[in-house]
Structure formats: C-alpha cells, structure tokens
Trainee: 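I have a structure here, written as structure tokens, and I will follow up with some questions on it.
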Amino acid sequence: MPTNTQPIPHSIILGIESSCDDTAAAVFENGKILANITATQKVHEQYGGVVPELASRAHQSNIIPVVSEALNKAGKTIQDIDAIAVTQGPGLLGSLQVGFQFAKGLALGANIPFVGVNHLQAHISALFIETPNLQLPMIALLVSGGHTQLVWVESVDSMEIIGTTIDDAAGEAFDKAAKLLGLGYPGGPLIDKYAAQGNAKAYDFPDSQTAPLDFSFSGIKTSLLYFLRKEIDKNPNFVADEIANICASYQHQVVNILMKRLKKAIEKHKPGSIGLAGGVSANSELRKAFILMGEKFKLNSHIPSFEFCTDNAAMIAMAGHFLLNAGIQSTMDAAPFSKNNSHNFQTRTP
Ligand code: KG4
Ligand code: ZN
C-alpha cells in the first residue's frame with residue numbers, strides 16, 4: 001500500500017523506467033537531472049511492434065548496466081541515493097515487473113524508501129523538469145504509443161483525465177499506418193519525415209464521432225487500409241509513387257483530430273497554460289499546431305525537450321520527487337499494474 005509518511009524535502013532520487021521497450025535510469029538532485037540514460041530495444045524493429053516476451057528479456061539484460069551507467073554519470077553510488085522512484089504502471093506487465101522488482105530489491109538492500117510512479121503522471125511531470133514554475137492549472141495533451149489523453153493538471157500531485165482515446169492511441173495510429181505503408185517501426189518519425197515533402201491536402205481521411213473531449217483513431221487507420229487497397233488495385237506502385245502525399249495527408253488529419261479536442265478542452269476548462277507530453281510530441285506538425293493553439297488563446301504552451309518526451313527515467317524521478325515530497329511512499333507488498341483504471345493518477349496495490 002502507498003503510505004503517507006514525513007516528506008523527503010531534499011533528496012537524491014534514482015528513477016527507473018521499464019514499462020514498454022525502453023530500459024531507463026536517471027538520477028535527480030535538488031531539482032536537477034544529473035543523469036538520464038535510456039537503452040532502446042532494437043530487437044522489436046523486425047516485428048513492426050513491441051513483442052512483450054522479448055521486451056521483458058531485454059529489460060533483464062539491460063537493467064543493471066543502465067542503472068550503473070546512470071549512477072556513474074551522476075557521480076553517485078547507491079549509498080548516496082535517498083529514495084528510488086520506479087514505474088508501477090500502466091504498461092506491459094512482464095516489462096514492468098523487471099524494473100519494479102529490481103527497484104524494490106535495491107531499496108530493501110540499501111534500506112531506503114521507494115515509491116511506485118504512474119507512467120502517465122510521469123509523462124506530465126516531465127513538463128516541470130525544464131519549466132518548474134509553469135502556470136497552473138494546465139491542460140496537458142499526452143500523446144504516446146500507448147496513450148492519448150487530455151489531462152487537467154491542478155497541481156504537481158493532482159491530475160485528472162478529462163478526455164481519452166476510446167480505441168487506439170495517436171502513436172499507434174502512426175505506427176499502424178507505417179506498417180500498412182511498408183515503413184519501419186516506430187512509424188511516427190518516418191511518416192513525419194515523408195510528410196515534410198508531401199501535400200497535406202492531397203487525400204482526405206476521416207475523423208470519427210466521439211464525446212467532445214475523447215479521441216478515436218481506429219477509423220482513420222481502417223480508412224487508410226481500404227484506401228490503399230483500392231488505389232493499389234489501380235496502380236501497383238501507388239504507395240511508392242505517392243508516399244509523401246499519403247503521409248502528409250494522414251499526419252495532417254491525426255494532428256487535426258488532436259487539435260480539435262484540445263481546442264474544445266481549452267474553451268470548456270479555461271486553463272492557465274497548455275503542455276504537450278509523450279513520444280508523439282516529437283511530431284513536427286503537431287508541435288507547430290500546438291504552439292499556434294497557445295498563441296490563439298494567449299496561453300503559454302510547453303513542450304519538453306525530446307529526451308524528456310519519449311519514455312525516460314528523468315520523468316519518473318521527477319514524479320517520484322513530487323510524491324515523496326507529498327509524503328507518499330510504497331510498501332514492499334506493492335505490485336505493478338498494467339492498466340490505468342481510474343480518471344485520477346495514483347500509485348496502487350494490485
Ligand atoms: O512516449 P513514447 O516514447 O512511448 C510510449 O509510452 O508509448 O512514444 C512512442 C510513440 C511511438 O508510437 C512513435 O511512433 C511515436 O511516439 N513518435 C512519433 C514521432 N516520434 C515518435 N509520432 C509521430 N511523429 C514523430 N516524429
Ligand atoms: Zn510513455
């Protein structure tokens with residue numbers, strides 16, 4: 001069970017992340033990230049997506065070297081660490097188990113507290129690494145390979161989901177489209193690259209009906225599938241001939257789907273600022289549209305540096321710092337969880 005204890009105000013925190021296919025460790029001291037190390041697993045590229053069993057095996061080989069490298073880079077040993085923050089969920093259970101059990105063992109051996117961190121809350125906490133005093137309340141658009149959410153951020157430890165995808169995540173919309181187009185994995189950066197040379201108005205892709213602040217990406221993916229089948233029937237070289245225009249048009253509609261809901265959320269909830277989080281925030285068109293949205297509503301728009309956007313352990317250490325400061329720690333019976341079942345982010349028991 002998470003327990004409420006005395007806050008740990010000044011502390012050196014080791015953050016550990018292993019929720020999907022990146023093994024990561026970071027060291028945080030006094031509001032500063034001293035080291036932020038990520039080992040990305042290349043083994044999944046050939047399969048066009050993450051293979052859970054291979055991911056958990058790779059985490060097992062990577063975890064000790066990655067944590068050692070982070071401590072070395074920060075000039076610290078485990079004896080210098082005051083607390084450990086580790087991703088508890090959501091994510092792939094086999095992957096989460098590796099980081100979580102490792103963190104527990106390390107905390108037990110070093111006789112220091114540890115805290116389980118919600119991965120989604122951590123993506124948003126990443127916004128505070130470079131801008132500690134951003135204006136709250138904020139609406140964060142969290143867009144990653146596994147999640148697409150609008151989050152009302154009241155304070156660093158009070159966040160509520162106000163909109164969510166009802167099917168695929170935005171990153172999945174990119175990755176699955178890339179697979180249909182015969183591009184590699186992860187597909188987002190490749191679609192982004194081809195889109196830069198294409199015409200976004202060349203083809204029309206649909207937006208699905210949802211509740212005002214919710215997202216749906218399965219329709220656009222299916223429409224791409226049928227569109228490609230039809231066009232390839234007429235011209236077998238259609239994909240090769242038109243790759244830039246297809247990518248530009250598809251990307252444009254994904255960004256449009258995201259921006260429409262963000263606009264509605266701003267109009268309804270009137271935040272003090274807006275923030276973008278998660279791996280898809282690397283998308284060049286999304287970044288531009290997000291900044292324009294901030295300008296339109298005269299709001300500061302925050303986008304973290306790329307190293308803090310994709311899965312990383314600095315965001316876990318940052319979120320852990322907020323939880324520990326609020327007096328929250330985990331106990332040894334805590335276990336990872338695969339799904340976020342609540343509209344609030346919490347650390348939980350199974
Ligand atoms: O946050 P993240 O690193 O991992 C998850 O928690 O899922 O996000 C990974 C996702 C992948 O779906 C990848 O295709 C997408 O972020 N992505 C992009 C771009 N760079 C990464 N999507 C669109 N454009 C990009 N430039
Ligand atoms: Zn993530």
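Numbering of ligands and ligand atoms starts at 1, following listing order. Atoms considered below: every heavy atom in the structure, side chains included; atoms not considered: hydrogens, waters and symmetry mates.
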Trainee: Do me a favour and list the nearest non-hydrogen protein atom to atom 15 (C) of ligand 1 with residue, atom name and distance?
Mentor: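 Nearest protein contact, heavy atoms only, for atom 15 (C) of ligand 1 is V280 CG2, 3.8 Å.
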Trainee: Please could you name the atoms of ligand 1 that S144 approaches to less than 4.0 Å, counting only its heavy atoms?
Mentor: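 Near S144, the atoms of ligand 1 are 1 (O), 5 (C), 6 (O), 7 (O), 8 (O).
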Trainee: Are Y250 and Y194 close enough that their ring centres sit under 6.0 Å apart?
Mentor: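 Not close enough - the centres of the two rings lie 6.0 Å or further apart.
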Trainee: Considering only protein heavy atoms, which is closest to atom 11 (C) of ligand 1, and at what distance to one decimal place?
Mentor: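 Here the closest protein heavy atom is D175 OD2, 3.5 Å.
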Trainee: Check whether more than 12 heavy atoms from other residues, nucleotides or ligands sit under 6.0 Å from atom CG of N237, and answer yes or no.
Mentor: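 Yes - once you tally the heavy atoms of other residues, nucleotides and ligands closer than 6.0 Å, there are more than 12.
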Trainee: Could you tell me which non-hydrogen atom of Q135 sits nearest to which non-hydrogen atom of G272, and how far apart they are?
Mentor: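 Between these two residues, the closest heavy atoms are OE1-O, 3.6 Å.
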Trainee: May I ask you to decide whether E29 forms a salt bridge with K32, counting only side-chain N to carboxylate O separations under 4.0 Å?
Mentor: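 Not counted as a salt bridge, because no side-chain N and carboxylate O are separated by less than 4.0 Å.
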Trainee: Which of these passes salt bridge (Lys or Arg N to Asp or Glu O under 4.0 Å) with E267: K263, K270, K264?
Mentor: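 That would be K263; it is the only one of K263, K270, K264 passing the salt bridge (Lys or Arg N to Asp or Glu O under 4.0 Å) with E267.
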Trainee: Quick check on the 6.0 Å ring-centre criterion: do Y185 and F174 meet it?
Mentor: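 No; F174 has its ring centre 6.0 Å or more from that of Y185.
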Trainee: Any side-chain heavy-atom pair from E69 and P65 closer than 4.5 angstrom?
Mentor: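 Result no, sub-4.5 Å side-chain heavy-atom pair not found.
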Trainee: Identify, for atom 22 (N) of ligand 1, the protein heavy atom at the shortest distance, and state residue, atom and that distance.
Mentor: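 Closest protein heavy atom to atom 22 (N) of ligand 1: G188 CA, 3.3 Å.
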Trainee: State whether the shortest distance between N or O atoms of E172 and N or O atoms of ligand 1 falls below 3.5 angstrom.
Mentor: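 E172 vs ligand 1: no N/O contact under 3.5 Å.
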Trainee: Kindly confirm or rule out an N or O of G278 lying under 3.5 angstrom from an N or O of ligand 1.
Mentor: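 Between G278 and ligand 1, no N or O pair is found under 3.5 Å apart.
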Trainee: Should you measure from each heavy atom of G146, which atoms of ligand 1 turn up under 4.0 Å away?
Mentor: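 Those qualifying, in numeric order: 7 (O).
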Trainee: Between I78 and A110, what is the shortest heavy-atom contact and its length?
Mentor: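 Where I78 meets A110 most closely, the heavy atoms are CG1-CB, 4.1 Å.
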Trainee: Using a cut-off of 2.8 Å, how many protein N, O or S atoms sit around the Zn ion (ligand 2)?
Mentor: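 My tally for this metal is 3.
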Trainee: Using the rule given for side-chain hydrogen bond (donor to acceptor under 3.5 Å, both in side chains), can you reason through T40 versus D22, listing the C-alpha separation, both sets of side-chain angles and the distance that settles it, and then say yes or no?
Mentor: CA-CA 5 Å; T40 300; D22 291 313; 3.1 Å; yes
Trainee: Heavy-atom count check: over 12 atoms from other residues, nucleotides or ligands less than 6.0 Å from Q209 CD?
Mentor: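 Result for CD/Q209: open.
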Trainee: Record the part of H147 in heavy-atom contact with ligand 1 below 4.0 Å; permitted values are side chain, backbone, both and neither.
Mentor: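 Near ligand 1, H147 shows nothing, with every heavy atom at 4.0 Å or more.
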Trainee: Grab the two heavy atoms, one from A85 and one from V117, that are nearest each other, plus how far apart they are.
Mentor: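 Taking A85 first and V117 second, the nearest heavy atoms are CB-CG2, 4.0 Å.
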Trainee: Which of the numbered atoms in ligand 1 are below 4.0 angstrom from a heavy atom of H123?
Mentor: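 Matching atoms, with element in brackets: 1 (O), 6 (O).
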Trainee: For H119, take its heavy atoms, then give the atoms of ligand 1 lying under 4.0 Å from any of them.
Mentor: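 Result: 6 (O).
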Trainee: Does C20 reach ligand 1, in the sense of a heavy atom lying below 4.0 Å from it?
Mentor: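 C20: no contact with ligand 1 (<4.0 Å).
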Trainee: Any chance you could pull the hydrophobic cluster mates of L93, using side-chain heavy atoms under 4.5 angstrom and chaining through other members?
Mentor: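 Members alongside L93: L96.
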Trainee: Any atoms of ligand 1 less than 4.0 Å from a non-hydrogen atom of G171? List them with their elements.
Mentor: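 Once the distances to G171 are compared, the set is 12 (O).
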Trainee: Answer yes or no: does atom CZ of F205 have more than 12 heavy-atom neighbours from other residues, nucleotides or ligands under 6.0 Å?
Mentor: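 Yes - once you tally the heavy atoms of other residues, nucleotides and ligands closer than 6.0 Å, there are more than 12.
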Trainee: Please list the nearest protein heavy atom to atom 26 (N) of ligand 1 with its residue and the distance rounded to 0.1 Å.
Mentor: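 Result for atom 26 (N) of ligand 1: D192 OD2, 2.9 Å.
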Trainee: How far is atom 24 (N) of ligand 1 from its nearest protein heavy atom, and which residue and atom is that?
Mentor: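 Ranked first by proximity to atom 24 (N) of ligand 1 is N283 ND2, 3.0 Å.
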Trainee: Salt bridge check: are D214 and R261 linked by an N-O gap of less than 4.0 Å?
Mentor: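 A salt bridge is absent here (no side-chain N lies under 4.0 Å from a carboxylate O).
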Trainee: Can a donor-acceptor pair be found between the side chains of H59 and S18 at a distance below 3.5 Å?
Mentor: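 On atom types as modelled, these side chains do not qualify, holding no pair under 3.5 Å.
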Trainee: Would you mind listing which atoms of ligand 1 come within a distance below 4.0 Å of any non-hydrogen atom of P186?
Mentor: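 Those of ligand 1 that fall under 4.0 Å from P186 are 13 (C), 14 (O).
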Trainee: Would you mind checking which non-hydrogen protein atom is closest to atom 17 (N) of ligand 1, with the distance to 0.1 Å?
Mentor: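 Answer, as residue, atom name and distance: G279 O, 3.7 Å.
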Trainee: Atom 10 (C) of ligand 1: which protein heavy atom is closest, and how many Å away?
Mentor: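 Of the protein heavy atoms, G145 N, 3.5 Å lies nearest.
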Trainee: Pick one of side chain, backbone, both or neither for how D311 approaches ligand 1, counting any non-hydrogen atom pair under 4.0 Å.
Mentor: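 Both backbone and side chain.
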